[in-house]
Amino acid sequence: MRFEDSREFAASLDQADPLARYREQFNFPLFRDGRAPVYLVGNSLGLQPKLAAQYVEEELGKWKDHAVGGFFHPDRPWLTCARSCTAGLAELTGAIASEVVAMNTLTVNLHLLMASFYRPTNERYKIVIESQAFPSDRYAAASQIRMQGYDTDVGLLEWTPRNGETRLHIEDLAALLEAHGDTVALLLLPGVQYYTGQVIDMAAVCELGRKHRCAVGLDLAHAIGNVELALHDWAPDFAAWCSYKYLNAGPGAIGGAFVAEKHCNPENLRQLHGWWGHDESTRFKMAKSFTPAKGAELWQMSTPPVLSLAPVVASLQIFQEVGLAALREKSKKLTAYVAWLIATRFGERIGSITPEDARGCQLSLVVKDKSINGKALFDRLCKLNVTPDWREPDVIRIAPAPLYNSFGDAFEFAERLDLALSQSTS
Ligand SMILES: *Cc1c(COP(=O)(O)O)cnc(C)c1O
């Protein structure tokens, strides 16, 4: 589509946007110095849906008025509240319902799932991560290797971009596995790379895992609620995600996990057990023996944290109403508009390391003009009530979220970037 660099044009896109009305279902941060917020870090912490606040209030009300009766309350009984997320999570991840469960937080889930699916032997104990892996994933993988008694220096293999590039090429992962595949126990890789915003070819990663008989775990922190996923068909062994980024469920909200259907028959699976993974129908008989629940719910351990689940339920309800296809359609247009505005206005000075042919919402901007200090520019943007985020050494990430960001936001970002740049060079 042809874009124009004007406020009127941005307004006309908003007028024609079937999802525009969702913007008012979210709480935005405050005005500062008379400037409306331009919030562009839905990839870091999504805005608060008004429905989330309502659902948390309702849970507090149940606790206040019914105390332990809340477990059996007719609306979202605490006993099964995690299950209120199942249909929504299955939809967003392209899984069948029995493959997904809302539980814990992301790094915790990575560990629990690695306890089952990282099964090192002396011949095959390595874990492949990408060289720019999110620190928590790197720490988690390294500590699993160490816990099993292997050497992290040898045990951690990195899929690395080519010299002078930031993009990960699937051919390079294939080559790494051709060379070392028979020593690799697990591929632990992201769906969307958090720093560059590159969408990884997850189907190809899963295929390579099967070819080389390595388990595959996907970290979907930056993928869920952002891009289309087809976990059931791709069939990684496991996946995990958090719910506070594109899913807008608030800081530390309950995350989720996927376990491939073929693993949902618990015989001979190594597994850490808790009473919430016990078959629900007999859980409260408090037997000494453990009867496994079916599907991914088997990995649950504890009483679900109701207050941190309520915003997830609310958020997924919005996603289900909108539908990922419609959301993605807007997202492509919105991100393309921001990218076009930046290229048109500032192409000489500002570039992006996010691949145009493999991206979701996010653009990772870099200052090309070496006379401009990237961090100072970022600080100026923040003063103008723009919220991007800064990633060392030189990246400004922005992620227009199609549920609540508008084309007007995109235009306003360009305006304030213009102002911040003029301040940088003056
Ligand atoms: C955000 C993010 C995390 C954060 O993990 P928590 O356990 O939720 O704090 C981990 N890994 C990746 C790739 C992330 O993007």
Side-chain angles (χ1 to χ4, degrees), residues 40-47 82 85 89 92-93 100-115 117-118 127-144 156 158-159 161 166 168 186-202 205 216-227 229 231 236 238-258 299 301-302 304-305 307-309 311-312 315 353-354 358-364 387-392 395 397-399 401:
L40 295 173
V41 290
N43 57 340
S44 184
L45 185 81
L47 289 181
C85 301
L89 291 177
L92 286 180
T93 57
V100 292
V101 60
M103 61 178 193
N104 309 314
T105 46
L106 173 52
T107 309
V108 170
N109 282 332
L110 289 177
H111 275 301
L112 289 180
L113 292 161
M114 280 194 276
F117 298 108
Y118 174 53
I127 300 181
V128 173
I129 59 170
E130 37 105 12
S131 55
Q132 294 278 4
F134 193 89
S136 203
D137 299 48
R138 177 182 290 271
Y139 306 152
S143 64
Q144 287 276 340
L156 215 48
E158 293 186 4
W159 174 21
T166 52
L168 289 163
L186 171 68
L187 313 181
L188 185 68
L189 293 168
V192 173
Q193 213 288 337
Y194 83 98
Y195 186 81
T196 64
Q198 179 187 350
V199 180
I200 305 296
D201 185 343
M202 291 169 265
V205 166
V216 176
L218 296 178
D219 184 328
L220 303 178
H222 284 263
I224 193 164
N226 178 15
V227 296
L229 298 168
L231 293 188
F238 69 89
W241 54 87
C242 51
S243 308
Y244 48 82
K245 293 173 179 168
Y246 293 106
L247 290 194
N248 312 313
I254 292 307
F258 163 95
W299 275 262
M301 288 202 169
S302 298
L307 296 178
S308 318
L309 264 167
V312 186
S315 166
I353 56 168
T354 307
R359 71 182 179 204
C361 300
Q362 180 178 326
L363 292 173
S364 299
T387 313
D389 80 8
W390 174 254
R391 284 286 173 267
E392 293 293 343
V395 164
R397 297 189 307 175
I398 56 170

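Order of appearance sets the numbers: ligands from 1, and atoms from 1 within every ligand.
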For L188 and F238: C-alpha separation, side-chain torsions, deciding distance, then whether side-chain contact (heavy atoms from CB on, under 4.5 Å) applies. CA-CA 10 Å; L188 185 68; F238 69 89; 4.1 Å; yes

Plane angle bin for F134 and H222 - parallel if under 30°, tilted between 30 and 60°, otherwise perpendicular: tilted

Inventory of protein N or O atoms under 3.5 Å from ligand 1 N or O:
residue	atom	partner	partner atom	Å
ligand 1	5 (O)	T107	OG1	3.4
ligand 1	7 (O)	T107	N	2.9
ligand 1	7 (O)	T107	OG1	2.6
ligand 1	8 (O)	Y244	OH	2.6
ligand 1	9 (O)	Y244	OH	3.3
ligand 1	11 (N)	D137	OD1	2.6
ligand 1	11 (N)	D219	OD2	3.1
ligand 1	15 (O)	H222	NE2	3.1
ligand 1	15 (O)	K245	NZ	2.5

Within the 3.5 Å criterion, strictly below it, is a donor on E130 or Q193 matched to an acceptor on the partner's side chain? yes

Is there a side-chain contact between I200 and W159, using heavy atoms and a 4.5 Å cut-off? yes

For a quick check under 3.5 Å, do T107 and S136 share a side-chain donor-acceptor pair by atom type? yes

Is a side-chain N or O of T196 found less than 3.5 angstrom from the main chain of I353, in a donor-acceptor match? no

